[in-house]
Amino acid sequence: MVTPGWLHWFQGPTEPTFTLPEGAVDAHCHVFGPAAEFPFAPERKYTPVDASKEQLFELRDHLGLARNVLVQATCHGADNSALVDALVHSDGRARGVATVRADVTDEELARLHEAGVRGVRFNFVKRLVDVTPTEALEQIAARIAPLGWHVVIYFEAVDLPDLKDFFASLPVPLVVDHMGRPDVTKDPDGPEFAEFLDFVAANDVWVKVSCPERLTVSGPPALDGERHAYADVVPFARTVVERFPDRVLWGTDWPHPNLEDHMPDDGLLVDHIPHIAPTPELQQALLVDNPMRLYWPEGEHRA
Ligand SMILES: O=C(O)c1cc(C(=O)O)oc(=O)c1
């Protein structure tokens, strides 16, 4: 049974008025199931509505995006079958971030690489996963480093002080999900966000300036044609984009798991981009050059 109160993603998203640069990448999105083919993991914390690869690729084309980076969702645990299925049916237009356990075999890592996986995700958000001992995560990081992969980290801003030394010790580049989930009721020039910016500056860290719909407190939501949505998140995202133009990524986060307030119109999420990346140069870096460097370093040719 789907988790009670689960919001279905937005039906019939508008066509963006912002024209994405050619080759734009949605660097954070998910597939869920379909459960009949790819059952959800027993240890999951929620049961979503199915969100298939076909539906994801349709959204990609509708919004004017060229590529996707699929991130393993916690509802699938460490079973990457749905993710791999989407990657191998993407005609080379999707890459992935998997979840693996410390006992993953070299053969399995090679199979994931062949399918298009280029990173693993470590999740520290307590409502989504049970804690994984750092020892196991260190082992995983050591195993994936020779493959040239990175680690995607998802955590809440309040937990960064406890986690940052561990993060800095990992032998691979790091990619932070959803801007490290700042509390946007705080001052973007205040000490908490400064600590995050210092962490990024001091390490090999990339940042996804994604999920304004998740981080916002005062809105307004990206619905009903609103093209100035999530104004409270903008100063945070814009600071990161302008300070680290070569290390930022953007993604839809479709199909937006666990939102409780509203489902954004994904077309309007695209229209949000110029507020956080105001110049064509920043947009080209955020949407094309950076994700291509990280996920398609060999260039555009298809596998
Ligand atoms: O904040 C969330 O609920 C969330 C969950 C997941 C996941 O369950 O994998 O992924 C995300 O990017 C965000």
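Atoms within a ligand are numbered from 1 in the order they appear, just like the ligands themselves.
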| Going by atom types only, do E108 and T105 share a side-chain donor-acceptor pair under 3.5 Å? | no
| Any chance the side chains of T216 and D232 put a donor and an acceptor closer than 3.5 Å? | yes
| query | Relative to ligand 1, is R121 under 4.0 angstrom through side chain, backbone, both or neither, heavy atoms considered? | reply | side chain
| Is it true that the side chains of T17 and D271 contain a donor and an acceptor less than 3.5 Å apart? | yes
| field | Structural part of H76 in contact with ligand 1, heavy atom criterion under 4.0 angstrom | value | neither
| field | ligand 1 atoms in contact with R127 (distance to a heavy atom under 4.0 Å) | value | 1 (O), 2 (C), 3 (O)
| query | Would a line drawn from the ring center of F40 to the ring center of H76 be shorter than 6.0 Å? | reply | yes
| field | For ligand 1, the portion of D253 having any non-hydrogen atom under 4.0 Å away | value | side chain
| message | Centre-to-centre under 6.0 Å for H28 and H178, is that the case here? | response | yes
| N123 N/O under 3.5 Å from ligand 1 N/O | no
| remark: Any heavy atom of T74 under 4.0 Å from ligand 1? The part involved is both
| request: State the atoms of ligand 1, each with its element, that fall below the 4.0 Å cut-off from a heavy-atom position in H178. | output: 11 (C), 12 (O), 13 (C)
| field | Minimum-distance protein heavy atom relative to atom 5 (C) of ligand 1 | value | L128 CD1, 3.5 Å
| Proximal atoms of ligand 1 relative to R181 (non-hydrogen, under 4.0 Å) | 1 (O)
| task | Please name the residue in the list Y154, F196, F124 that meets the ring pair (Phe, Tyr, Trp, His ring centres under 6.0 Å) test with F167. | result | F124
| query | Side chain, backbone, both or neither: which part of V71 has a heavy atom under 4.0 Å from ligand 1? | reply | neither
| note | Counting from 1 in the order shown, the ligand 1 atoms closer than 4.0 Å to a non-hydrogen atom of A73 are 9 (O)
| request: Check whether the side chains of H62 and E15 place a donor and an acceptor atom closer than 3.5 Å, and report yes or no. | output: no
| query | Is atom CD of E114 surrounded by more than 12 heavy atoms (other residues, nucleotides or ligands) closer than 6.0 Å? | reply | no
